[in-house]
Amino acid sequence: MDNAAVAAVFAEMGDLLAIVGGDAHRARAFRNTARVVEGLRAPLKDMALLGQLTSVPGLGAGSIERIHQILQTGTCPEHQRLIARLPRGLQALLQVRGLGPRHARLAWEHLGVASVEQLELAARSGLLARVPGIGPLTVERVLRDLDGRREAPPARLLLSEALVVGDAIVGWMLDDPHTIKAEQTGSARRRRETVGDLDVLVASTKPLASSARFTAFPGIREVLLAGDGRASVILDSGVQADLRLVSAENWGAGQHYFTGSKAHNIAMRIRANAHKLALSEMGIWERKLRGRGRGEENRKIARRLSPCTDELDVFATLGLPFIPPELREGDGEIEAALAGRLPALVEDHDLVGEPHLRARTATDALSIAHALHRQGRRWAIWVRPAIDVAVDDARRRFRRDARRIGAVTGVRILCGVEVAIDLEGALVDGAGVTLSAQVLAAMGADVDVVIGDATLPDGVVLDRISATARLLSAIGSGRLHGLSRVRGRRLPHRPAGVDVDLRTVLLACARQRVFVEVSGEPDRLDLDAPGCRLATETGALLALSARPADDGLLGRGRFALWQARRGWVTAAATLNALPLAHLLAHLRLPPPDPLADDDEAGDDDDNGGTSDDDADDPLFLPHRRLELMTRLSAFLRGEPDPELQGVLLKRGDNALLSAFAILSGLGDNSADDSADDSADDEG
DNA sequence: GCCGTTTTCGGCCCGACTGTTTTCAGTCG
């Protein structure tokens, strides 16, 4: 049994106990245990064997004993007792919105309802509404939820999608005169890779009017509730959106509360509690009364320590440093903050390189390199498929283009080649042909970086051991510098991806100095955040990759960055943060040599990119060649040069393209490396 | 069942909204 299966047993015990009406605290403790077990980063059976479970916060003697029983038999006596008392299908009723454990028990006791199908039957027949304690409005709500599921099953949005919709709602609220501030919070602010609900926080001068404004957002299927403190709606897409209203004075408290996660909030409130304080979205108050729903009463007699206008106030009042939203998962971040062990998370300004620039043509690579330069990147690995650079000539052109783009943009371009990995772990080209040692050696001599793409062919399933052995074999070949798409995940439907022994794979990567890519593609984000955290523990370097490509989505870099931050990654664990000299050393390449580019240029047997037509313009006279190169470079970097621009426009309608064509010596009409290869190649 | 700035007992996060049990409990985030 794996961790998830053990967690499921505890979750079921918690649900069934709640339905039975047992001790609510005990039920919550079981659910909490399920959450703790699910969040463990090592296999439970290993930890049990090594006696490591006693040191896990949240696991007591009772849970540990049950874990041993469940690992051996798949169940435990308490679990057996509960499923003997209640039909197991009852647990599924809790998934119905508006139906909690109490109503589930009533439906079962009075009508024998034990499944969602039976619940629907009871609701439609009118029987459910006659159960004491269940009214017609509850029945209506249950039916609405069931109908809604049929129309559009509950969807999880990709983070990229959630940010777009969230921005639209925030914009809609900011257009309202009563809005002082508005921001998307919740799991989108924590940069979770997928988002279930959209959460928007608004500071308002007139809460009820703001609530009405929110429920008038275009594209709402259903309004669940609308008060002066909050409102909830279901969008046409089936996604729920929640509005939370606070005063401007309580902005920071509201921001902290509504960013979550739930587990983090509970841990923070328990900490407040220990200091005789009550933390909520109303700020931090002295705690005078105990019991459920006493907050308002409490606030009448208690003293407010801080309204928490800024989120920092929340942490400071509880004696904590600021905890970045990406870390707020209730996964040890508060303990780490208290111990001063909070990691200095990698930031955008730490990143000086882009490890995976994808472009088929030099023109595309050039424009991407410019954009990277504007983002502060000083090196990039231009990665091309093995099949594109299979022949020697192609690799020479590749290298030459890379050097020229580097000279023009100020971004050092390393030549990378991407190879696939077959089922046995051998390196193959895109067509599945094994790359012989000879070919790999020739390739290795010509390109700087070889990256193995771990993606499995569609439909192929490997067991954990085979999948791990496959990657270890590829890493052990000594030919790889990097490994990408380790898990082959696809979001939102296959978040787990291939089952591999990630710790072993990452340890091998650390030993062989193979960096591991974190892809910024919003539907991959491979490695996942726990994988990133494991990488920092094993010492494997992570390459945060925007994979800027023909579709030009440089912004994807932030997705990789966020993912790494969620994995507690520091700049020290990041390949992108290495200055060029350190990167070259890491890759065992010679140090940067500024003269190398000139030598290379001299080898070219062309005329410096000028054509016969150029003789018409004095700029193209041989003695002005250096000046021309300098001005072209500056122009390509974005500096205005009207005279040069006029000359360039005489050669074609795209001045930038012409400038690059001259600089790279590719001729008049095209910088596309496929068009002019024969004419241009090495004279 | 877990835990300790309340430490081997006694408490367990907080507040809003809603529905139905006319004073509070259930559900949710």
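So that the names make sense, note that chain A is the first sequence line, chain B the second, and so on, each numbered from 1. All figures in this text were calculated on a predicted structure; none of them were measured in a lab.
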Can you tell me how far [atom2] of [N] sits from [atom1] of [X], to the nearest Å?
X: Arg271(A); N: dC3(B); atom1: CZ; atom2: P; result: 17 Å
X: Arg244(A); N: dA16(B); atom1: CZ; atom2: C1'; result: 6 Å
X: Arg28(A); N: dT27(B); atom1: CZ; atom2: P; result: 15 Å
X: Arg31(A); N: dC28(B); atom1: CZ; atom2: P; result: 10 Å
X: Asp145(A); N: dT18(B); atom1: CG; atom2: P; result: 17 Å
X: Arg105(A); N: dG26(B); atom1: CZ; atom2: C1'; result: 12 Å
X: Glu281(A); N: dA16(B); atom1: CD; atom2: P; result: 6 Å
X: Asp242(A); N: dA16(B); atom1: CG; atom2: P; result: 15 Å

Do the side chains of [X] and [Y] get close enough for a salt bridge, i.e. N-O under 4.0 angstrom?
X: Glu281(A); Y: Arg230(A); answer: no
X: Arg328(A); Y: Glu311(A); answer: yes
X: Asp310(A); Y: Lys181(A); answer: no
X: Asp15(A); Y: Arg31(A); answer: yes

Expressed as a whole number of Å, how far does the [atom1] atom of [N] sit from that of [M]?
N: dT20(B); M: dT27(B); atom1: P; result: 12 Å
N: dT22(B); M: dT18(B); atom1: C1'; result: 15 Å
N: dG19(B); M: dG11(B); atom1: C1'; result: 29 Å
N: dG10(B); M: dG15(B); atom1: P; result: 25 Å
N: dC13(B); M: dT8(B); atom1: C1'; result: 24 Å
N: dT21(B); M: dG26(B); atom1: P; result: 12 Å
N: dT7(B); M: dC12(B); atom1: C1'; result: 15 Å

Quick one: is [N] close enough that its OP1 or OP2 comes under 4.0 Å of any side-chain N or O from [X]?
X: Gln240(A); N: dC28(B); value: no
X: Thr33(A); N: dG1(B); value: no
X: Arg230(A); N: dT18(B); value: no
X: His25(A); N: dG11(B); value: no

Would you indicate what [X] reaches in the nucleic acid, counting non-hydrogen atoms under 4.0 angstrom: base, sugar-phosphate, or nothing?
X: Val96(A); answer: sugar-phosphate
X: Arg141(A); answer: nothing
X: Pro132(A); answer: nothing
X: Gly98(A); answer: sugar-phosphate
X: Arg26(A); answer: base
X: Phe30(A); answer: sugar-phosphate
X: Pro136(A); answer: sugar-phosphate
X: Gly260(A); answer: nothing
X: Ile270(A); answer: sugar-phosphate

Identify which nucleotide among [options] has an atom closest to any side-chain atom of [X], counting heavy atoms from C-beta outward.
X: Ala29(A); options: dG1(B), dG26(B), dC13(B); value: dG1(B)
X: Ser63(A); options: dC13(B), dC2(B), dA16(B); value: dC2(B)
X: Asp228(A); options: dC17(B), dG1(B), dT27(B); value: dC17(B)

Between Thr194(A) and Arg156(A), a side-chain donor and acceptor under 3.5 Å =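 Distance-only check passes for Thr194(A) and Arg156(A).
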ask   = Any chance the side chains of Arg66(A) and Gln69(A) put a donor and an acceptor closer than 3.5 Å?
value =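 Per modelled atom types, Arg66(A) and Gln69(A) side chains form no pair under 3.5 Å.
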inquiry  = In the structure I gave you, are the side-chain heavy atoms of Arg533(A) and Pro530(A) within less than 4.5 Å of one another anywhere?
reply    =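 Sidechains of Pro530(A) and Arg533(A): no contact.
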key: Asp23(A) vs Thr138(A), nearer the 5' end of DNA chain B by closest nucleotide   =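 The residue whose closest nucleotide sits nearer the 5' end is Asp23(A).
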request  = Please tell me which of Leu224(A) and Leu99(A) maps to the more 5' nucleotide of DNA chain B, matching each residue to the nucleotide holding its nearest heavy atom.
outcome  =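 Here Leu224(A) is the residue nearer the 5' end.
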ask   = Where along residues 71-93 of chain A does a heavy atom come under 4.0 Å from DNA chain B, residue by residue in number order?
value =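 Result for residues 71-93 of chain A: none.
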query = Is there a Watson-Crick or G-U wobble partner for dC17(B) with both distances under 3.5 Å, and if so, which one is it?
reply =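 Its partner is dG26(B) (Watson-Crick or G-U wobble, both distances under 3.5 Å).
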ask   = With Glu537(A), which residues qualify under side chain to side chain donor-acceptor pair (under 3.5 Å), at least two apart?
value =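 For Glu537(A), the residues satisfying side chain to side chain donor-acceptor pair (under 3.5 Å) (neighbours in sequence not counted) are Arg41(A).
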task = List in chain and number order the residues that pass side-chain contact (heavy atoms from CB on, under 4.5 Å) with Leu208(A), two or more places apart in sequence or in another chain; answer none if no residue qualifies.
result =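 Expected list: Asp228(A).
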inquiry  = Once rounded to the nearest 0.5 Å, what's the spacing between atom CG of Asp145(A) and atom CG of Leu119(A)?
reply    =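 Nearest 0.5 Å value for the CG-CG distance: 10.0 Å.
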